[in-house]
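Computation of the quantities below employed the complete heavy-atom set of this structure, encompassing side-chain atoms and omitting hydrogens, waters and symmetry-equivalent molecules. Index from 1, following the sequence.
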Amino acid sequence: MIDVKELVSKMTLEEKASMCSGGDFWHTKSVERLGIPNVMLSDGPHGLRKQDLNADHLGINVSIKAVCFPSACATACSFDKELIETMGKALGNECLAEDVSTILGPGCNIKRSPLCGRNFEYFSEDPYLASNMAKHHILGVQSTGIATSLKHFLANNQEHRRMSTSANIDERTLREIYLCAFETAIKEAQPKTVMCSYNRINGTFASENKRYLTDILRDEWGFKGLVVSDWGAVNNRIDALKAGLDLEMPSSGGVNDRLIIKAVKDGNLSEEVLNTSVERILTLMYQYLENRNKDAKFDMDSDHALAEKIAQECIVLLKNDDNILPLQKGKKIAYIGKFAKAPRYQGGGSSHINSYKVSNALDSSKDFAEITYAQGYDTNQDATNSELLAEAIEVAKDSDVAVIFAGLPDTFESEGFDRSHMDMPNCQNQLIEKVAEVQPNTVVVLHNGSVITMPWLDKVKGVVETYLTGQGSGSAVSKILFGEVNPSGKLAETFPIKLQDNPSYLTGFGEGDEVNYSEGIFVGYRYYDKKDMDVLFPFGYGLSYTTFEYSNLQVSSEKIKDIDTLTVTVDITNTGSMAGKEIVQLYVQDVESSVIRPIKELKGFEKVSLEPNETKTVTFTLNKRSFAYYNVDIKDWHVESGEFRILIGKSSRDIVLTKSIYVESSVELPKHYHMNTTYGDLVCDPNAKDFLKKLNNLYFSEMEGDMGEGTQEMMLQMLKYNPLRAFISFTNGKISSSFIEENLKELM
């Protein structure tokens, strides 16, 4: 490995400054005098979008032919850590073959709102699931020597005014939801780069936010790689360097290079800060250059087959009344909808892949049954075409089952803009309604990158959610429909009944450039569960063609300290007649807390493959973080002593087994008592008994006559919210300020 520090020592100030920005749209700069070459970065995260000429960052211009794997909205539904790691290895091999050093992804921003135009690129509304899926994506890619770029750090939860808006978020919410989505992936997978987001966080641009780029990312979490900007995200280059942003992309045409040089010469920027950033950039480059396999090749057909296999694991069966699925082979089946022939299998924008080939359901199903096709709708406009509708109705009438392929066209969701509603095109909703009127055996297959409303849900017998499952989508869904593959995906996000139910609805995407995350920690199922609100489909939900039974929930101990680990085991049995996979979900509930907490939070998941009548034991390991909330006073994660429930569920709303344990805190929170502390706050402190006894005696000695049965208890309830200073007035000075202050000092 080249000695990077020595190399930097040989560079001129001008050469060092030049290394801190791109040489063009996709390459770092080279330094010919010292033999430093450039390397290429390329968009991902679910496929290689390599561009040379006419480059852009919005997926407008053509890139090389590559394999489009399922998007994050789909892969998260697999809940399969090994599978996404396998996908990562394939992506890394493709990068090696194309001489790309870094693939930009994965994206693990939280799905705060169902309207975010980029939700298809993000994993989940839940930070535990998002960070663990991102972790295994990174491990897979980087096992090949290719770098990943975990993005977009931080709080990039909308496209609306994304380059100027400020995400205003309190510290506890940041820690428990938005930072948490990145934390495990960074600590346990060590991505070689992290990409900062466009937006501001509490008023400061992410690109120049030292608190997140250095204090938390590097000093607290131990990140060792370099921070790269999202393309065009740099606001002030000098402040960004000071904050910890190393590489600006793309090229600034030398403008910011000159600013760096001037800042060093003027004493406004330490040359040591510049040296550190250049060392990080060179380290990334030479790790790739010195270890790459120059003979690497990838087989597009093999990767296409893998993309299809991954798609099969991601597809979610949402409804299956009367066991209409799997479809019986040999029956007359109507395939209705343009997506049956030309599926929507990926999102729009910087992750758009120029797919090597694409399977469709119509062609893939012809070996299974007699298929009649009707287009049904036009994706170019949201207006019902009466001729297409009439044809679809006739085809449906003349069939045993109608399968409608519907969803969101590219114009409805993409990077660069947010959705304005959760609905599918009106023409598609009308098509489903009209077909269901004439054909009782109707199934809907959905192609969408985020949640939608389903006004026709009670009128159809089956619903299959494919999300955006990559170029093997058509073949994968055909095998699901006809029972060649048992569906095993589960939802990585909640489907609310209507947009207004979403916790971010009232503040939405903000006013001007200010967005207040007033819903706090209550994102997704945390909110819907706390409100006990009906949803269309809950987080973690998904059906199978077989059945599973859960039993024998065991814990390693019924009482632990927060510094201990807890082992949880549960048995899963396939009680049906078909092999299948079940996603076992573990949630933790704090039974009684002094702080506001969700009803339950996901803290473990495993995907288990079972033959009929087979039983397997699933093991989870829980630690302090599994039970903790973020305490802003001590600036650390804290567990309150008390009862916690271990909940094993088929979904967030289908908890099948529970076990209670007691967790004892090893940390006593500091007490902060003063004259405005309430009487009730002292009652909650067992160490305050002696002080309260003295206080009560003095207070009630002032009361004249017989107070009567229950009067003292009533008075104590009334005193609950009285500040201690009030006792001075209520006792004619018998209780003095010095008496209170001396006792509080002793108590603290």
Original post:
So, Ser651 side chain and Pro538 main chain: donor-acceptor pair closer than 3.5 Å or not?
Top reply: no
**OP:** Kindly give the heavy-atom pair with the smallest separation between Pro45 and Gly107, and that separation in Å.
**Re:** CG-N, 4.4 Å
Subject >> Interatomic spacing from CD in Glu606 to CG in Asp80 - rounded to 0.5 Å >> reply: 9.5 Å
Original post:
Between the side chains of Ser350 and Glu415, does any donor sit under 3.5 Å from an acceptor?
Top reply: yes
Subject >> From CG (Leu499) to CZ (Arg419), nearest 0.5 Å >> reply: 9.0 Å
Original post:
Do the ring centers of His152 and Phe182 come within less than 6.0 Å of each other?
Top reply: no
Original post:
Which pair of non-hydrogen atoms, one from Gly203 and one from Asn168, has the smallest distance, and what is that distance?
Top reply: N-OD1, 4.0 Å
Original post:
Quick check: does any side chain N or O of Asn448 sit under 3.5 Å from a backbone N or O of Tyr467, one acting as donor and the other as acceptor?
Top reply: no
Original post:
Parallel, tilted or perpendicular: which describes the rings of Phe537 and Phe495, with under 30° parallel and over 60° perpendicular?
Top reply: perpendicular
Original post:
Under 3.5 Å, side chain of Glu176 to main-chain N/O of Tyr630, donor-acceptor pair present?
Top reply: yes
**OP:** Answer whether the closest heavy-atom distance between the side chains of Thr165 and Arg200 falls below 4.5 Å.
**Re:** no
Subject >> Test: Lys81 cationic atom under 6.0 Å from Phe605 six-membered ring centre, within 45° of axis >> reply: yes
Original post:
Under 4.5 Å between any side-chain heavy atoms of Lys607 and Glu313, yes or no?
Top reply: yes
Subject >> Sub-4.5 Å side-chain heavy-atom contact between Ile452 and Asp423 >> reply: no
Original post:
Have Tyr345 and Ser355 got a donor and an acceptor in their side chains that come within less than 3.5 Å?
Top reply: yes
Subject >> Pairwise side-chain hydrogen bond (donor to acceptor under 3.5 Å, both in side chains) hits with a residue in residues 130-146, at least two apart >> reply: Glu85-His136, Lys135-Glu188, Gln142-Thr148
**OP:** For Tyr377 and Asn426, test the side chains for any donor-to-acceptor distance below 3.5 angstrom and give the result as yes or no.
**Re:** no
Subject >> His46 ring center near Phe69 ring center (under 6.0 Å) >> reply: no
Original post:
His447 versus Leu408: any side-chain heavy-atom pair under 4.5 Å?
Top reply: no
**OP:** Verify the distance criterion only: is there a donor paired with an acceptor across the side chains of Tyr587 and Gln585 at less than 3.5 Å?
**Re:** yes
**OP:** Mark yes or no for whether Lys490, through its side chain, and Leu543, through its backbone, hold a donor-acceptor pair below 3.5 Å.
**Re:** no
**OP:** Could you tell me the separation between the OG1 atom of Thr411 and the CG atom of Asp382, rounded to the nearest 0.5 Å?
**Re:** 8.5 Å
Original post:
With Phe298, which residues qualify under ring-ring contact (aromatic ring centres under 6.0 Å, His included), at least two apart?
Top reply: none
Original post:
Quick check: does any side chain N or O of Asp418 sit under 3.5 Å from a backbone N or O of Gly117, one acting as donor and the other as acceptor?
Top reply: yes
Subject >> For the student: nearest non-hydrogen atoms of Pro409 and Thr379, plus distance >> reply: CB-O, 4.0 Å
**OP:** Would you please test Asp126 and Arg526 for salt bridge (charged side-chain N to carboxylate O under 4.0 Å, His left out) and show each step?
**Re:** CA-CA 9 Å; Asp126 180 81; Arg526 287 166 168 78; 2.9 Å; yes
**OP:** Search all heavy atoms of Asn354 against all heavy atoms of Ile64 and return the closest pair with its distance.
**Re:** CB-O, 3.4 Å
Original post:
Would Asp529 and Arg653 pass as an ion pair if we require N to O under 4.0 Å?
Top reply: yes
Subject >> Minimum side-chain heavy-atom gap Phe25-Ser251 below 4.5 Å >> reply: no
Original post:
If we only count heavy atoms from C-beta on, is the Ile353 to Leu48 side-chain gap below 4.5 Å?
Top reply: no
**OP:** Keeping the roles fixed (side chain from Tyr128, backbone from Lys603), state whether a donor-acceptor pair exists under 3.5 Å.
**Re:** yes
Original post:
For residues Tyr178 and Asn109, is any side-chain donor paired with an opposing acceptor at under 3.5 Å?
Top reply: no
Original post:
Is Ser475 reaching over with its side chain to a backbone N or O of Ser359, donor-acceptor style, under 3.5 angstrom?
Top reply: no
Original post:
Should Arg112 and Glu125 count as an ion pair when the cut-off is N to O under 4.0 Å?
Top reply: no
Original post:
Is the distance between the ring centroids of Tyr528 and Phe539 less than 6.0 Å?
Top reply: no
**OP:** Locate the shortest heavy-atom distance separating Leu129 from Ala492; write the atom from each residue and the value.
**Re:** CD2-CB, 3.7 Å
Original post:
Hey, are Arg175 and Glu220 close enough for a salt bridge, meaning a charged N less than 4.0 Å from a carboxylate O?
Top reply: yes
**OP:** Identify, with sequence neighbours excluded, every residue that meets ring-ring contact (aromatic ring centres under 6.0 Å, His included) alongside Phe205.
**Re:** none
Subject >> Check against side-chain hydrogen bond (donor to acceptor under 3.5 Å, both in side chains), Ser504 and Asn502 >> reply: CA-CA 6 Å; Ser504 68; Asn502 182 261; 2.5 Å; yes
Subject >> Close aromatic pair by centroid cut-off 6.0 Å: Phe522 and Tyr527 >> reply: no
**OP:** Tell me, with the steps shown, if Ile404 and Val445 meet side chain to side chain contact (heavy atoms under 4.5 Å, CB included).
**Re:** CA-CA 6 Å; Ile404 303 175; Val445 177; over 6 Å; no
**OP:** Check side chain to side chain contact (heavy atoms under 4.5 Å, CB included) between Asp410 and all other residues, then give those that pass, not counting sequence neighbours.
**Re:** Arg344
**OP:** Give a yes or no on whether the backbone of Glu248 and the side-chain of Ser229 come within a donor-acceptor separation of less than 3.5 Å.
**Re:** no
Subject >> Any side-chain donor near an acceptor of the partner, Lys111 and Ser124, under 3.5 Å >> reply: no
Original post:
Do you know which of Ile169, Leu174, Asp170 makes side-chain contact (heavy atoms from CB on, under 4.5 Å) with Arg172?
Top reply: Asp170
Original post:
Between Asp24 and His27, do the side chains contain an N or O donor and an N or O acceptor separated by less than 3.5 Å?
Top reply: yes
**OP:** Answer yes or no: is there a side-chain heavy-atom contact under 4.5 Å between Met40 and Asp99?
**Re:** no
Original post:
Counting N and O atoms only, with roles assigned by atom type, does the side chain of Tyr525 sit under 3.5 Å from a partner on the main chain of Leu602, one being a donor and the other an acceptor?
Top reply: yes
Original post:
Going from CD on Gln428 to CG on Leu446, what distance comes out if it is rounded to the nearest 0.5 angstrom?
Top reply: 9.0 Å
Subject >> Residue pairs passing the salt bridge (charged side-chain N to carboxylate O under 4.0 Å, His left out) test where at least one lies in residues 464-474, sequence neighbours excluded >> reply: none
Original post:
Do the side chain of Asn209 and the main chain of Ala243 share a donor and acceptor less than 3.5 angstrom apart?
Top reply: no
**OP:** Determine, for Glu94 against Lys50, whether the closest basic-nitrogen to carboxylate-oxygen distance falls under 4.0 angstrom.
**Re:** no
Original post:
Is the shortest distance from a Lys or Arg side-chain nitrogen in Arg118 or Glu413 to a carboxylate oxygen in the other one below 4.0 Å?
Top reply: no
Original post:
Under 4.5 Å between any side-chain heavy atoms of Phe120 and Ser351, yes or no?
Top reply: yes
Original post:
Taking only residues two or more places apart in sequence or in another chain, which ones pass side chain to side chain contact (heavy atoms under 4.5 Å, CB included) with Pro487?
Top reply: Leu317, Ile480, Tyr545
**OP:** Consider only side-chain N and O atoms of Asn199 and Ser197, and report whether a donor and an acceptor are under 3.5 Å apart.
**Re:** yes
**OP:** State whether Asp246 and Arg218 are salt-bridged, where the test is any N-O pair (Lys NZ or Arg NE/NH1/NH2 against Asp/Glu carboxylate O) under 4.0 Å.
**Re:** yes
